[in-house]
K.L.:
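Take a look at this one; I'll ask things after.
Along the sequence shown, residues carry numbers from 1.
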Amino acid sequence: QVQLAESGGDLVQPGGSLRLSCVVSGMTLNYKSIGWFRQAPGKEREGVSCIRSSDGITYYADSVKGRFTISRDSAKNTVYLQMNSLRPEDTAVYYCASADAYGFRWSQQPLGVRAYSYWGQGTQVTVSS
């Protein structure tokens, strides 16, 4: 039974920081890409960042590059998203999801939403003064 559980969402002020966690159960992170996606009200879900757990290669959307850092602890089956310098436009429900890293062209579309088969329920991040 594969499950992903996000946590760490909160209300923070602009410029603040937050760390999200995604605990994966029912499978190891081996050969997986674990991605973070977000969806704001009235907007489509967009990719934020992902990590290919086999070698630790990461990818970031331009909107978060330099501010967010994705990491993993394979022994704990956990992926983290450290978010710094948060902006109001970062407000969204954040989801983590799992994909077979070698089942699609990861290097071409690492945040291709259709490649991700398992999804968490999301955690709310609100950035507001």
Side-chain angles (χ1 to χ4, degrees):
Q1 190 87 324
V2 177
Q3 291 185 328
L4 291 81
E6 307 95 334
S7 63
D10 206 348
L11 170 65
V12 297
Q13 293 185 331
S17 297
L18 210 56
R19 190 179 79 158
L20 306 183
S21 298
C22 174
V23 178
V24 180
S25 61
M27 67 176 184
T28 69
L29 301 182
N30 200 25
Y31 307 119
K32 303 299 182 183
S33 176
I34 305 298
W36 286 98
F37 299 78
R38 66 187 182 187
Q39 188 166 21
K43 295 185 177 181
E44 294 184 350
R45 190 167 298 186
E46 64 174 348
V48 176
S49 181
C50 62
I51 183 167
R52 193 166 65 185
S53 293
S54 60
D55 55 12
I57 300 298
T58 60
Y59 177 85
Y60 299 92
D62 288 342
S63 60
V64 306
K65 198 171 298 181
R67 299 188 297 122
F68 291 10
T69 303
I70 191 170
S71 62
R72 93 291 200 197
D73 186 336
S74 296
K76 296 181 179 179
N77 255 35
T78 301
V79 175
Y80 305 96
L81 185 68
Q82 178 66 47
M83 305 184 294
N84 298 326
S85 301
L86 284 164
R87 306 165 180 169
E89 53 263 41
D90 294 318
T91 296
V93 176
Y94 283 70
Y95 301 88
C96 64
S98 175
D100 181 353
Y102 300 99
F104 69 112
R105 298 182 68 178
W106 190 92
S107 61
Q108 299 299 119
Q109 289 187 305
L111 289 170
V113 65
R114 288 175 293 181
Y116 290 81
S117 299
Y118 299 98
W119 294 79
Q121 291 297 306
T123 185
Q124 177 71 48
V125 172
T126 302
V127 185
S128 180
S129 58

K.L.:
Starting at CZ of Arg87, measure out to OG of Ser63 and round the result to the nearest 0.5 Å.
P.N.:
8.0 Å
K.L.:
Side chain of Ser21, backbone of Ser7: donor and acceptor closer than 3.5 Å?
P.N.:
no
K.L.:
What closest approach, in Å, do Phe37 and Ala97 show between heavy atoms, and which atom pair accounts for it?
P.N.:
CE1-CB, 4.1 Å
K.L.:
Does any part of the side chain of Ile51, heavy atoms only, come nearer than 4.5 Å to the side chain of Ile57, both counted from C-beta?
P.N.:
no
K.L.:
Between Lys32 and Val79, is any pair of side-chain heavy atoms under 4.5 Å apart?
P.N.:
no
K.L.:
Gln3 versus Val23: any side-chain heavy-atom pair under 4.5 Å?
P.N.:
no
K.L.:
Give every residue pair that meets the side-chain hydrogen bond (donor to acceptor under 3.5 Å, both in side chains) criterion with at least one member in residues 51-62, sequence neighbours excluded.
P.N.:
Arg52-Asp55, Ser54-Tyr102, Asp62-Lys65
K.L.:
Taking all atoms of both residues into account, what is the closest heavy-atom pair of Gly26 and Val2, and its distance?
P.N.:
O-CG2, 4.0 Å
K.L.:
Counting only N and O atoms by type, is there a donor-acceptor contact under 3.5 Å from the side chain of Glu46 to the main-chain atoms of Arg38?
P.N.:
no
K.L.:
For Ser33 and Trp106, does a side-chain donor sit closer than 3.5 Å to a side-chain acceptor?
P.N.:
yes
K.L.:
Are Leu111 and Ile70 grouped together when hydrophobic residues (ILVMFWY) are joined by side-chain heavy atoms under 4.5 angstrom apart?
P.N.:
no
K.L.:
With a 4.5 Å heavy-atom cut-off, do Met83 and Leu20 have their side chains touching?
P.N.:
yes
K.L.:
Assess whether atom CZ of Phe104 is packed by more than 12 heavy atoms of other residues, nucleotides or ligands within 6.0 Å.
P.N.:
yes
K.L.:
For the residue pair Glu6 and Trp36, what are the closest heavy atoms and their distance?
P.N.:
CG-CZ3, 3.8 Å
K.L.:
Closest heavy-atom contact between Gln124 and Val93?
P.N.:
OE1-CG2, 3.2 Å
K.L.:
Within the 4.5 Å heavy-atom criterion, are Leu18 and Val125 side-chain neighbours or not?
P.N.:
yes
K.L.:
Quick one, Ser98 and Met27 - any side-chain contact, counting heavy atoms below 4.5 Å?
P.N.:
yes
K.L.:
Could you give the distance from CD (Gln13) to OG (Ser128), rounded to the nearest 0.5 Å?
P.N.:
8.5 Å
K.L.:
For Asn84 and Ser17, test the side chains for any donor-to-acceptor distance below 3.5 angstrom and give the result as yes or no.
P.N.:
yes
K.L.:
To the closest 0.5 Å, what do you measure between OG (Ser71) and CZ (Arg19)?
P.N.:
7.0 Å
K.L.:
Kindly give the heavy-atom pair with the smallest separation between Gly8 and Thr123, and that separation in Å.
P.N.:
N-OG1, 4.1 Å
K.L.:
Which pair of non-hydrogen atoms, one from Asp73 and one from Leu29, has the smallest distance, and what is that distance?
P.N.:
O-CD1, 4.4 Å
K.L.:
Could you tell me if the side chain of Pro88 sits less than 4.5 Å from the side chain of Pro14, heavy atoms only?
P.N.:
yes
K.L.:
Kindly work out whether a path of hydrophobic side-chain contacts (I/L/V/M/F/W/Y, heavy atoms less than 4.5 Å apart) joins Tyr116 to Ile34.
P.N.:
no
K.L.:
So, do Thr28 and Asn77 sit near enough that their side-chain heavy atoms are less than 4.5 Å apart?
P.N.:
yes
K.L.:
What's the separation between atom CG in Leu4 and atom OG1 in Thr78, rounded to the nearest 0.5 Å?
P.N.:
10.0 Å
K.L.:
Indicate yes or no for a side-chain donor-acceptor contact from Gln39 to the backbone of Tyr94 under 3.5 Å, with no hydrogens or angles considered.
P.N.:
no
K.L.:
If you round to the nearest 0.5 Å, how far is CZ of Phe68 from CG of Leu81?
P.N.:
6.0 Å
